[in-house]
Amino acid sequence: MKHATDEPVLLASDVSFAYGSGPTVLHNINLALHAGGAIGIVGESGSGKSTLAGLLVGMSTPTSGSVTVHGRPWKSVRRRDPQRLAVQMVFQNPYTALNPRLTILNTVAEVFQVSEKSSKAESLERARDMLSQVGLTGSVLNKRPEDLSGGQCQRVGIARALAAKPSVIVADEPTSALDVSVQAQILNQLRDLREEQDIGLILISHDLNVVSYLTDSAIVMQHGKVVEQGPTAQLLNAPAHSYTQNLVDSVF
Amino acid sequence: MTAAAQVPGLASAQPTTRPKQLELRVGITLIALVVLASIFIPIFNTTDPNALVAAPLEPPSLAHPFGTDTVGRDVFIRVFTAGRLDLTLAVLGVIVPLVFGTILGTVIGASRKKALDVVVMRFTDGLIAFPFIILVLMIVLIVGPEATIPPLPPGAPSVLAATWLVNWTTYARLARLRTHILRQEDFISATGLLGYSRTRVITKHLLPSVWPTTATFAVSDLLSIVALIAALPFLGGGIQPPTAEWGSIMYEGRGVISQAWWISFSTVGVVLLLGTGVMMVVDSLVSTSRRALLP
């Protein structure tokens, strides 16, 4: 695992967010992810984790504060800027994350076609390599998502994110829609990414076990606010806030 | 394990698949019967649909299975010759609004320019809010009820113009709504993160998922257009006599229905067969075609 550098790859500064003219659902969130680092975001349903994920990947814009990638605010990054690819996402529901009308090979090949202007043949070849890295080979490559298991779809989602050569992957509850038997495979896949490639990870989960397995530090969210943050081990072993204590108690 | 077995809702849909497939087959068979009869009967029976072949108002017989009309024309050959025209007009009347409306609705739905959305949608609202049949009759009058473009018979261009100018609005609304739903899906969000151009997102990711919805509606719309073409003669428009057309045959039979029920009823029977087939196909597509309903 690479050591974190001083310059954060992804930085959220005083981020607040409200949907339209509704109430504020995120309050003054600060988060800094350094190259190769891993941060967990923990909280119950409705605590604002997924909303924060949307802001971190640039899908939505903060009401106040800013999110920067490699020092550049998301709002200045255009759709076709190479920097747009720096932060990718692994979605919670592996089925809805993939285009149901494309084979998984074409899903991944399209990333190469667009981001590197590769030829169709070259893109397909590279997509095969990428999918084999996540353990998908053979006839399964020509299947559509509806013909795959949840675990296989999630691997495709990871391969698609990797094809963009991101600096950071934001994984939004990547195992919550999967059978228990395949959850470990996906978590190991994400751990390997951290160890073998210099990719930062932001892992969103309501499960402290999952977070402790993959991350060095974590923030605990309740009602859109960070109630506690620090090294994951410390949060697990000596939680300071009663909400964190409740989360720990619900796991162990 | 398949996706269907894992995703709630998909698994529960499985038991209904078999009967719906049967419904699809029966529906396609009924449609095929009418279409094939309309294609082949006028080929094998070369009687001119406008020829006076027997005495007026002769009841059905072996020589004239649907009897004769008020001037002694063979209703059987007229009904299936009319089928060619009505079905051709229905297909032409559906395809243009389907393609135009789907593309426009998808582009509007994918656009972030709210002004464009407001302008186009208020225009479609206006067209939809206007009484449909009045609007169609106005267009028929403007184009000219007897206008002709060979090989189409007199009246056909006005019918096509009316359906093209009015019907795209429904497809545009449907496509826009579908696109708005799709935009909330993760796989469309992912295209933004992956830097795909808006053109690519529309052509490769949105349109392929919007088509099944609008195309399913188009199947039922075929029937609406057949009904519209058949209704226009009752309102003084539509295909002009003596061209054989379902509406004009029924209109003609209406005046003598107590003496010669076969003129109207034979036509109604054929349209009913087609309508039942179309509705069975639509029902089965809507109920069981997972690819049509999934994003």
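All chains are named by letter (A, B, ...) in the order of the sequence lines, taking the proteins before the strands, and each is independently numbered beginning at 1. Basis for what follows: all heavy atoms, side chains included, without hydrogens, waters or symmetry-related copies.
- No donor-acceptor contact under 3.5 angstrom links the side chains of B:Ser197 and A:Arg79, judged on distance only.
- Annotation for B:Phe187 and A:Leu98: closest pair CB-C, 3.5 Å, computed over non-hydrogen atoms.
- When all heavy atoms of A:Ala164 and B:Leu194 are compared, the pair lying nearest together is CB-CD2, 3.9 Å.
- Proximity to chain B is absent for every atom of A:Arg78, based on heavy atoms less than 4.5 angstrom apart.
- Of all the heavy atoms in B:Asp186 and A:Phe91, the pair that sits closest is CG-CD2, 3.4 Å.
- Of all heavy-atom pairs between B:Pro212 and A:Arg101, the closest is CG-NH2, 3.7 Å.
- Here A:Val111 is the residue among A:Leu102, A:Thr107, A:Val111 with the most heavy-atom pairs under 4.5 Å with chain B.
- Only the side chain of A:Val114 comes within contact range of chain B, with at least one heavy atom under 4.5 Å from a heavy atom of that chain.
- Here B:Leu206 contributes atom CG and A:Asn99 contributes atom CG; the two are 9.0 Å apart, rounded to the nearest 0.5 Å.
- Both the backbone and the side chain of B:Arg198 come within less than 4.5 Å of a heavy atom in chain A.
- Between atom NZ of residue B:Lys204 and atom CG of residue A:Asn106 there is a gap of 9.0 Å, rounded to the nearest 0.5 Å.
- In this structure, A:Gln88 contributes its side chain and B:Leu193 its backbone to a donor-acceptor pair below 3.5 Å.
- In this structure, A:Arg72 places its CZ atom where more than 12 heavy-atom neighbours from other residues, nucleotides or ligands lie under 6.0 Å away.
- Chain B forms more heavy-atom pairs under 4.5 Å with one residue of A:Arg84, A:Glu110, A:Met59 than with any other, namely A:Glu110.
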